[in-house]
Visitor: 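Structure in structure tokens, see below.
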Amino acid sequence: MNIIINNEYITFENLSDFDLGQTLECGQCFHFEKIDEDEYAFVAYDNLYVGKQKEDKLIVQTFRPGDVSQLVNYLDLNRDYAKIKKELLKRDNKLKAAIHEKGEVRILNQEFSETLMSFIISQNKQIPHIKKIVADISKKYGAYLGSANGSDFYSFPDIKTLSKIEINDYKELKTGFRAPYLYDASVKLNSYVDELNIVNKERAEIDNIIKRDIFGQLNVNEAREKLKEIKGVGDKVANCVNLFSLSYRNAFPIDVWIKRIMEDIYFKNEVSKEEIQEYAEKLYGELGGYAQQYLFFYGRDKGLGK
DNA sequence: CTCCAGGCCGTCC
DNA sequence: GGACGGCATGGA
């Protein structure tokens with residue numbers, strides 16, 4: 001991979017095992033819009049990016065001076081996915097079709113607070129509606145970041161701002177029964193900031209400190225239980241946060257889709273979530289998160305097990 | 001009109 | 001500890 005910086009444009013050359021569209025559309029994040037063929041506007045932390053990819057070349061427009069390494073880390077571009085896929089196929093050749101079709105997905109390293117709130121919203125909702133609510137919350141409480149293709153983009157509200165949002169405010173944003181859950185999450189997020197005595201820090205740094213000092217010493221099971229202290233967070237939401245934000249690549253979230261897909265591919269009949277969890281752990285081990293995402297995206301696209 | 005959505009909670013046994 | 005209904009809202 002080669003990186004060239006020219007004013008507000010960052011160009012990545014010789015990319016491998018990466019597709020921006022696949023990475024954003026696979027269901028791991030909700031704060032983006034497709035604005036043209038192979039062109040996406042996406043928000044990470046308090047940055048807006050507009051990326052256009054042609055084969056192994058990606059050009060990203062930025063909207064304020066920032067650290068390139070932040071974007072590289074967000075997109076997980078410094079990891080050897082060829083090696084991961086090779087190892088996964090060695091463990092289980094049944095992943096072949098999924099990896100062949102969706103093998104250019106990368107697992108993002110997203111901001112903890114936004115990922116947590118987004119996946120609390122995600123329960124019992126379809127992806128387009130999750131995206132709408134995330135955009136609405138950002139528009140109402142976040143900061144304006146820039147415009148792309150006629151649409152305005154806003155940051156997801158930071159923790160300090162979240163702490164001022166009341167249950168009824170969330171209800172007005174059509175979050176329904178999730179409103180008290182979102183409120184409780186914002187209280188917990190704020191308590192982390194207080195507990196760690198984080199003052200006067202930049203947004204990304206606050207995120208780093210929470211990840212390091214609250215979750216850094218925990219294994220994936222401990223982190224999941226810690227997250228479940230938040231109302232409205234169960235096994236599935238917790239594992240999504242583990243995988244897509246806290247970098248536990250062995251987390252294997254089980255939702256209605258992955259359950260049906262696993263039953264279709266491996267079991268040929270209905271099995272419990274616990275059984276699937278155990279099976280995935282044995283089969284994929286520390287690479288479970290990658291396998292889960294290839295399977296989820298592939299299966300959802302194919303309508304497997306519907 | 002019905003049924004379901006990247007689930008989880010409270011209550012029941 | 002396992003099963004089950006309820007839950008807000010929107011789209012098929």
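On a predicted model such as this, the values are computed, not experimentally measured, just so you know. Each chain gets a letter, A, B and so on, in the order the sequences are listed, and its residues count up from 1.
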Visitor: How would you give the extent of chain A contacts on DNA chain C, as first and last nucleotide 5' to 3' within a 4.0 Å heavy-atom cut-off?
Guide: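 The contact span of chain A on DNA chain C goes from C:dC7 to C:dG10.
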
Visitor: Output the rounded distance in Å from CD1 (A:I254) to C1' (B:dC8).
Guide: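 Taking CD1 of A:I254 and C1' of B:dC8, I get 16 Å after rounding.
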
Visitor: Does a donor on one side chain and an acceptor on the other come within less than 3.5 Å for A:R64 and A:N47?
Guide: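 On atom types as modelled, these side chains qualify, holding a pair under 3.5 Å.
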
Visitor: Walk me through it: do A:S245 and A:K211 pass the test side chain to side chain contact (heavy atoms under 4.5 Å, CB included)?
Guide: CA-CA 9 Å; A:S245 166; A:K211 285 172 176 168; 3.7 Å; yes

Visitor: Which whole number of Å gives the distance between the P atom of B:dG6 and that of C:dC4?
Guide: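 That atom pair is separated by 23 Å.
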
Visitor: Which whole-number value in Å describes the distance from A:Q123 CD to B:dA5 C1'?
Guide: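 Going from CD in A:Q123 over to C1' in B:dA5 covers 11 Å.
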
Visitor: Mapping A:Y181 and A:P128 onto DNA chain B by nearest heavy atom, which one lands closer to the 5' end?
Guide: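 Result of the comparison: A:P128.
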
Visitor: Which label fits A:Y192 and A:F112: parallel for a plane angle under 30°, tilted from 30 to 60°, or perpendicular past 60°?
Guide: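 Taking A:F112 first and then A:Y192, their aromatic rings sit tilted (interplane angle of 30° to 60°).
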
Visitor: Counting only heavy atoms and a strict 4.0 angstrom limit, can you tell me which residues of residues 266-280 of chain A come near DNA chain B?
Guide: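 None - not one residue of the stretch has a heavy atom sitting under 4.0 Å from the strand.
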
Visitor: In whole Å, what is the span from the NZ atom of A:K228 to the C1' atom of B:dC8?
Guide: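 Checked: the NZ to C1' distance equals 10 Å.
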
Visitor: Please give, in whole Å, the distance from B:dG6 C1' to A:N242 CG?
Guide: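 Checked: the CG to C1' distance equals 15 Å.
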
Visitor: Tell me: CD of A:Q110 to C1' of B:dG6, nearest whole Å?
Guide: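 Atom CD in A:Q110 sits about 13 Å away from atom C1' in B:dG6.
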
Visitor: What's the gap between B:dT11 and C:dA8 when it is taken at their P atoms, as a whole Å value?
Guide: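 To the nearest whole Å, 14 Å.
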
Visitor: Side-chain donor-acceptor pair under 3.5 Å between A:N109 and A:S247, yes or no?
Guide: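 On atom types as modelled, these side chains qualify, holding a pair under 3.5 Å.
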
Visitor: Is there side-chain contact between A:Y284 and A:L88, with heavy atoms separated by less than 4.5 Å?
Guide: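 Yes - at least one pair of side-chain heavy atoms lies under 4.5 Å apart.
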
Visitor: Using a heavy-atom cut-off of 4.0 Å across all strands, would you classify A:G27 as base, sugar-phosphate, or nothing?
Guide: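 Result for A:G27 = base.
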
Visitor: In whole angstrom, what separates A:F296's CZ from B:dG7's P?
Guide: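 These atoms are roughly 9 Å apart.
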
Visitor: I'd like to know if A:Q293 reaches the base of B:dG6 with its side chain such that a donor and an acceptor end up less than 3.5 angstrom apart.
Guide: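 Yes, a donor-acceptor pair under 3.5 Å.
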
Visitor: Ignoring backbone atoms, test whether A:R260 places a side-chain nitrogen or oxygen under 4.0 Å from the OP1 or OP2 oxygen of B:dA5.
Guide: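 Yes, within the criterion.
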
Visitor: Just by distance, no angles: are the side chains of A:D158 and A:T161 close enough, under 3.5 Å, to form a donor-acceptor pair?
Guide: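 Side chains of A:D158 and A:T161: pair found under 3.5 Å.
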
Visitor: Return the value, rounded to whole Å, for the distance between atom CD1 of A:I121 and atom P of B:dC8.
Guide: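 Result: 14 Å.
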
Visitor: Closest-nucleotide mapping onto DNA chain B: is A:K125 or A:G232 further toward the 5' terminus? I mean the 5' end.
Guide: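 Nearer the 5' end of the strand: A:K125.
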
Visitor: To the nearest angstrom, how far is A:D301 atom CG from B:dG6 atom C1'?
Guide: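 Rounded to whole Å, this separation is 15 Å.
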
Visitor: Within the 4.0 Å heavy-atom criterion, would you say A:R300 contacts the bases, only the backbone, or no part of the nucleic acid?
Guide: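 Nothing: the residue A:R300, judged by heavy atoms under 4.0 Å, touches no strand.
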
Visitor: Start with the C-alpha distance between A:I210 and A:I198, add both sets of side-chain angles, then the distance that settles side chain to side chain contact (heavy atoms under 4.5 Å, CB included), and finish with yes or no.
Guide: CA-CA 9 Å; A:I210 292 174; A:I198 304 172; 4.2 Å; yes

Visitor: What nucleic acid atoms does A:P253 come within less than 4.0 Å of, heavy atoms only: base, sugar-phosphate, or nothing?
Guide: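 Base contact - A:P253 has a heavy atom under 4.0 Å of at least one base atom.
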
Visitor: Reckon A:C29 touches a base, only the sugar-phosphate, or nothing at all at heavy-atom distances under 4.0 Å?
Guide: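 Contact class for A:C29: none.
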
Visitor: With no hydrogens and no angle check, just 3.5 Å: does a side-chain donor-acceptor pair link A:Y290 and A:N250?
Guide: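 Distance-only check fails for A:Y290 and A:N250.
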
Visitor: Go through the side-chain N and O atoms of A:Y181 and A:Q123 and say whether any donor and acceptor fall under 3.5 Å apart.
Guide: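 Short answer, no.
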
Visitor: Run the salt bridge (Lys or Arg N to Asp or Glu O under 4.0 Å) test on A:D76 and A:R249 for me, step by step, so that the C-alpha distance in whole Å, both residues' side-chain angles and the decisive distance to 0.1 Å come before the verdict.
Guide: CA-CA 12 Å; A:D76 207 34; A:R249 301 309 164 99; 3.2 Å; yes

Visitor: Base, sugar-phosphate, or nothing: which does A:F119 touch, judged by heavy atoms less than 4.0 Å apart?
Guide: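 Since no nucleic acid heavy atom lies under 4.0 Å of A:F119, the category is nothing.
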
